[in-house]
There are 2 protein chains.
Amino acid sequence: MTDTPHPHADPDCRAVSELLSRVGDKWTVLIVKALEAKPRGRGCRFNELKREVGGISQQMLTRTLRTLERDGMVARTVHHTVPPSVEYALTDLGHSLAVPVMALADWTFAHLPQIHANRAAYDGALGEAA
Amino acid sequence: MTDTPHPHADPDCRAVSELLSRVGDKWTVLIVKALEAKPRGRGCRFNELKREVGGISQQMLTRTLRTLERDGMVARTVHHTVPPSVEYALTDLGHSLAVPVMALADWTFAHLPQIHANRAAYDGALGEAA
DNA sequence: GTGAGTGGTCACAAATCTTGACCAGCACCA
DNA sequence: TGGTGCTGGTCAAGATTTGTGACCACTCAC
């Protein structure tokens, strides 16, 4: 089918969708949310972050933080202390991302009950139809 | 480890994160964006949507639309015409979701070049370090 | 010296996404 | 009259992403 290479489909489209899939990722959103909750200038330790996000595996946290760091949204600071502690903090770019991300998180929180009701109704209708 | 069930970690947390992973999903965002671009009241045909989103497979489009329909964010209307055509349109809930989603999409679009530059810098630094 | 916390990495299993074929019916063109 | 394409999907299989649990070296408290 070769995917209908319309004149409309500009190459930016793929780049935007790729970036969107990172930025809108479940764990990214939760991490940015956790980091944004911290007072500005203060970072968050690795395991502290893991505790706050809740339900994330170490591997996924490491991986997501690396991506965020690569994209310049979080800054990673290693303190060469006795147990080498690592601090993660949002950069300016990260804080600017936090604005739409928090808006999405707020929407999600606000509409949670309604969506659960919709799902129940949908599944109920399916059950009756059968 | 049993995941440190802090007093801070309420059970809503999982529900929010689950919903966030749907709502913030790459394809969901792109579909809502495409649907929102349509004049209010007008739906979008299946293949029309597929063309507009670009790069999505039929299966993924079907699956995402079903989820969105179940959550009450899009309405599916089947016209029993000669080639049975199907229309998808955002509901009120879907339009309200579109607000934060579009904000995220706009952020993504605006910061695309900067993020690509950050990535190049990060990867370059890695290359030099080696 | 046993157990826990520091910040990870590695390998493997499970879930998810993509690819491409197929379906039935009709329109268009030669 | 037959070949091709469009309608809106479904199905199976392969590729990719995610989650699970173990392990690492080190230090502190008990």
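Chain letters run A, B, ... following the sequence lines, proteins first and then strands; every chain starts at 1.
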Tabulate protein N/O versus nucleotide N/O from nucleotides 1-4 of chain D, keeping only pairs under 3.5 Å, one per line.
none

Query raised in the report: Can you tell me if A:Thr28 uses its side chain to pair, donor with acceptor, with the backbone of A:Arg22 under 3.5 Å?
Result: yes
Requested in this report: Would you mind reading off the distance between A:Leu61 atom CG and D:dT18 atom P, rounded to a whole angstrom?
Outcome: 14 Å
**Report entry** Closest approach of B:Leu30 to A:Ser17 (non-hydrogen atoms, all atoms of both residues)
**Finding:** CD1-CB, 3.5 Å
Requested in this report: Please report the closest heavy-atom contact between B:Thr91 and B:Ala75, naming both atoms and the distance.
Outcome: CG2-N, 3.8 Å
Query raised in the report: Which pair of non-hydrogen atoms, one from B:Cys44 and one from B:Glu48, has the smallest distance, and what is that distance?
Result: SG-CD, 3.7 Å
Report task. Please report how far the helix from C:dG1-D:dC30 to C:dA30-D:dT1 bends, comparing the axis fitted to its first five pairs with the axis fitted to its last five, to the nearest 10 degrees. Result -> 0°
Requested in this report: Quickly work out the A:Arg63 CZ to D:dT17 P distance and round it to whole Å.
Outcome: 9 Å
Query - Contact state string [nucleotides 22-30 of chain D, B base, S sugar-phosphate only, - no protein heavy atom under 4.0 Å] - result: -----SS--
Query raised in the report: Quick one: A:Glu18 CD to D:dT16 P, roughly how many Å, whole number?
Result: 15 Å
Requested in this report: Kindly give the heavy-atom pair with the smallest separation between A:Gly43 and A:Ala89, and that separation in Å.
Outcome: CA-CB, 3.9 Å
Report summary line: CD of B:Gln58 to CG of B:Asn47, rounded to nearest 0.5 Å, is 6.0 Å
Report summary line: For A:Ala34 and A:Leu49 the tightest heavy-atom approach is CB-CD1, 4.0 Å
Report task. Report which part of the nucleic acid B:Arg45 touches: base, sugar-phosphate, or nothing (heavy-atom distance under 4.0 Å, all strands). Result -> sugar-phosphate
**Report entry** For atom CD of B:Glu69 and atom P of D:dG8, their distance in whole Å
**Finding:** 15 Å
Distance-only donor-acceptor hits, side chain of residues 65-73 of chain A, under 3.5 Å, sequence neighbours excluded:
from    : atom 1 : to       : atom 2 : distance (Å)
A:Thr67 : OG1    : A:Arg63  : O      : 3.0
A:Arg70 : NH1    : B:Asp123 : OD1    : 3.0
A:Arg70 : NH1    : B:Asp123 : OD2    : 2.5
A:Asp71 : OD1    : B:Arg119 : NE     : 2.6
A:Asp71 : OD1    : B:Arg119 : NH2    : 3.4
A:Asp71 : OD2    : B:Arg119 : NH2    : 3.3

Report task. Show the numbers, then the answer: is there a side-chain contact (heavy atoms from CB on, under 4.5 Å) between B:Trp107 and A:Val23? Result -> CA-CA 10 Å; B:Trp107 184 94; A:Val23 134; 3.9 Å; yes
Query - First encountered from the 5' end of DNA chain D, between B:Thr62 and A:Asp25 - result: B:Thr62
Query raised in the report: Would one find more than 12 heavy atoms of other residues, nucleotides or ligands at under 6.0 Å from atom NZ of B:Lys26?
Result: yes
Query raised in the report: Once you round it to whole Å, what is the distance between P of D:dG5 and CG of B:Asn47?
Result: 14 Å
Report task. Taking only heavy atoms on the protein side, list every residue of residues 70-80 of chain A lying under 4.0 Å from any atom of DNA chain D, sorted numerically. Result -> none
Query raised in the report: Is B:Ile31 linked to B:Leu93 within one hydrophobic cluster, defined over Ile, Leu, Val, Met, Phe, Trp and Tyr using a side-chain heavy-atom separation of less than 4.5 Å?
Result: yes
Requested in this report: Please report the closest heavy-atom contact between A:Val82 and A:Pro84, naming both atoms and the distance.
Outcome: O-CD, 3.2 Å
Query raised in the report: Taking CE from B:Met60 and P from D:dA15, how many angstroms apart are they, rounded to a whole number?
Result: 19 Å
Query raised in the report: Would you call A:Glu87 and A:Lys38 a salt bridge, taking side-chain N to carboxylate O under 4.0 Å as the test?
Result: no
Report task. Nearest whole angstrom, please: distance from the C1' of D:dG9 to the CD of B:Gln59. Result -> 10 Å
Query raised in the report: A:Trp27 side chain N/O closer than 4.0 Å to the phosphate oxygens (OP1, OP2) of D:dG19?
Result: yes
Query raised in the report: For the atom pair CH2 (B:Trp27) and CD1 (B:Ile56), what is the distance rounded to the nearest 0.5 Å?
Result: 5.0 Å
Query raised in the report: Is the closest side-chain heavy-atom distance between A:Thr62 and A:Phe46 below 4.5 Å?
Result: yes
Query raised in the report: Are the side chain of A:Thr108 and the backbone of A:Leu104 linked by a donor-acceptor contact shorter than 3.5 Å?
Result: yes
Report task. Please determine if a side-chain N or O atom of B:Arg66 lies less than 4.0 Å away from the OP1 or OP2 oxygen of D:dG8. Result -> no
**Report entry** Positional range of nucleotides in DNA chain C within the contact set of chain B, heavy-atom, under 4.0 Å
**Finding:** C:dC17 to C:dC26
